[in-house]
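Here's the structure we're looking at; comments come further down.
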Amino acid sequence: MSDTASTAGKIQEYLDDNKLQPTLQVIINDLCKQLPSDAFGYLVNQLLPKCAPPQIDKLVGREVLDSRANPTVEVDVYAIVRDKSRLIARSAAPSGASTGSNEAMELRDGDNDRYMGKGVKRAVDNVNTILSPAVARANPTDLAAVDDLLCKADGTELKTKVGGNAITAASFAVAEAGAILLDLPLYKHLANVFYRGRDTPKTYRLPTPMVNILNGGKHAGGNLKIQEFMIMPNADLPFTEKLRYVTQVYHHLGKLLVSKYGVSAKNLGDEGGYAPPLDNADEALGMIEQAISAAGFTAGKDIFLALDCASSEFYKDGKYEIAPKKFLTGDELLNYYEKLVNDHPALRSIEDAFDEKDYEMWKKSMERLGDKIMLVGDDVFTTNTNLLSRGINEKWANALLLKVNQIGTISEAMNAARMMFEASGQVIVSHRSGETTNSVISDLAVATGARFIKTGAPARGERVCKYNRLLQIEEELINEGLLEK
Ligand code: PEP
Ligand code: MG
């Protein structure tokens with residue numbers, strides 16, 4: 001007798017022994033009447049979750065390239081589903097340039113004959129030989145448990161054994177795999193993880209994008225010390241309109257820059273923003289304000305301004321080199337920011353205004369500007385709850401920039417988001433300057449209810465894919481009546 005015939009025989013025997021045949025007949029007849037075209041498809045979907053839960057079979061790492069032509073770690077997740085091992089999902093880690101000293105360690109080979117020392121073969125090896133066995137047999141739909149196993153396999157806070165790049169790629173890939181196996185969109189799966197399966201909100205909101213349209217600092221090649229000049233559309237607009245507004249301003253800015261500085265002013269920096277030959281922030285903000293008007297919008301009403309100074313990059317020996325050879329003390333720099341806020345009333349957010357360890361200046365900036373604008377901590381917090389709890393107690397900032405690869409796993413980054421929300425601060429989910437074409441952070445922003453997302457200019461595939469993913473999510477939420485009113 002074939003295997004299936006013997007299973008059918010066992011089912012019949014069970015039905016007869018328990019006198020269940022008549023009840024089953026009624027159920028099947030009803031189902032066929034209600035769903036004549038797909039009664040058995042429906043039954044299969046009901047019965048599938050009763051099968052043994054999926055298990056991770058293995059993780060497979062590989063070296064791929066990021067958006068800056070540097071190697072990064074990609075991870076494939078294979079899971080055993082109904083006795084068969086199959087490839088379920090894959091994802092890859094992003095990489096920063098202006099990194100905080102407390103970030104999870106990015107493990108690079110240091111072999112100058114390959115990719116100028118930036119190869120990630122050792123991190124890939126660690127995926128295959130350390131992380132894969134550590135998570136084998138775990139249920140990929142339980143992201144918190146898998147992330148915990150990933151952290152334990154490393155055993156250090158900053159992931160110095162296995163590499164933060166290996167761990168972030170694995171966490172991203174397992175999140176994707178879990179969503180696919182649960183047949184849920186990633187943001188819904190991540191929302192269940194964020195709310196720990198309890199009280200997951202019934203509706204979702206889309207974040208407001210902080211769009212980096214003019215690049216300086218380490219992300220561009222000019223004299224502009226401030227790294228990011230961003231625009232934020234009015235928070236009350238639908239996401240589709242937010243994206244249209246900022247994109248139109250982006251195009252107008254390109255035109256203005258070309259007419260003022262020549263065609264090369266339209267060259268792009270690492271995050272897709274223009275990298276023109278400007279010397280100071282005042283000039284850059286002025287150009288953006290002109291672009292906002294040229295696009296037919298009003299600065300301070302339709303569109304707001306934001307900066308990421310990434311000031312640890314121009315801080316040395318107690319001074320800030322705000323322009324080439326122009327050094328300011330912390331207090332002078334705070335005066336400079338205050339003047340920018342007064343001269344450009346649409347300016348509503350400043351990130352990393354001070355060096356990552358210049359805590360006294362962080363506190364002073366909160367006293368002076370904390371009621372007016374968002375003061376965002378990136379390098380100062382590195383998405384690390386130890387630093388964040390100190391920063392919340394000592395009032396360093398009122399917003400957290402959340403970057404998963406600064407700490408390692410999605411679950412650890414979620415801990416930081418929860419902590420900031422409990423302190424009534426804002427959370428900005430962020431990309432890195434070196435990116436890949438996955439859009440996990442878009443789903444993560446929606447899942448956590450973060451009010452903001454920072455993911456570069458509306459140009460270049462690795463940035464645009466995040467915005468496009470938010471368009472898809474918005475459409476789905478509208479269709480399902482799940483968009484927060
Ligand atoms: C940032 O500083 O906020 C940023 C996105 O840049 P990087 O990834 O280089 O740290
Ligand atoms: Mg930053």
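Each ligand, and each atom within it, is numbered from 1 in the order the structure gives.
Under a cut-off of 6.0 angstrom, the local environment of NZ in Lys188 is crowded, with over 12 non-hydrogen atoms contributed by other residues, nucleotides or ligands. Residue Lys357 qualifies as enclosed at atom NZ: its count of foreign heavy atoms under 6.0 Å is above 12.
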Would you give me the side-chain donor-acceptor pairs under 3.5 Å for residues 315-328, sequence neighbours excluded?
residue	atom	partner	partner atom	Å
Tyr320	OH	Asp355	N	3.0
Tyr320	OH	Asp358	OD2	2.6
Glu321	OE2	Lys325	N	2.7

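One finds a salt bridge joining Arg432 and Glu103 here, because a Lys/Arg side-chain nitrogen approaches an Asp/Glu carboxylate oxygen to under 4.0 Å.
If you count the protein N, O or S atoms nearer to the Mg ion (ligand 2) than 2.8 Å, you get 3.
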List, for ligand 1, each N/O atom that has a protein N/O partner under 3.5 Å away, with both atom names and the distance.
residue	atom	partner	partner atom	Å
ligand 1	2 (O)	Ser98	OG	3.2
ligand 1	2 (O)	Gln227	NE2	3.0
ligand 1	2 (O)	Asp308	OD2	3.1
ligand 1	2 (O)	Asp378	OD2	3.1
ligand 1	2 (O)	Lys403	NZ	3.4
ligand 1	3 (O)	Asp308	OD2	3.0
ligand 1	3 (O)	Glu351	OE2	3.1
ligand 1	3 (O)	Asp378	OD2	3.0
ligand 1	3 (O)	Lys403	NZ	3.2
ligand 1	3 (O)	Lys454	NZ	2.5
ligand 1	6 (O)	His219	NE2	3.4
ligand 1	8 (O)	Arg432	NE	2.8
ligand 1	8 (O)	Ser433	N	2.8
ligand 1	8 (O)	Ser433	OG	3.3
ligand 1	9 (O)	Ala97	N	2.7
ligand 1	9 (O)	Ser98	N	3.0
ligand 1	9 (O)	Ser98	OG	3.4
ligand 1	9 (O)	His219	NE2	2.9
ligand 1	9 (O)	Ser433	OG	2.6
ligand 1	10 (O)	Ser98	O	3.0
ligand 1	10 (O)	Ser98	OG	3.2
ligand 1	10 (O)	Lys403	NZ	3.2
ligand 1	10 (O)	Arg432	NH2	2.7

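Ser349 pairs in a side chain to side chain contact (heavy atoms under 4.5 Å, CB included) with only one of the listed residues (Val376, Leu375, Leu307), which is Val376. With Phe354 as reference, Tyr337 is the one residue of Tyr337, Tyr336, Trp396, Phe314 to meet the ring pair (Phe, Tyr, Trp, His ring centres under 6.0 Å) rule.
Heavy-atom minimum distance, Met420 versus Gln426: CG-O, 3.6 Å.
A donor-acceptor distance shorter than 3.5 angstrom exists from the side chain of Arg68 to the backbone of Ser95, with no hydrogens or angles considered.
For the side chain to side chain donor-acceptor pair (under 3.5 Å) condition, no pair includes a residue of residues 122-131, sequence neighbours left out.
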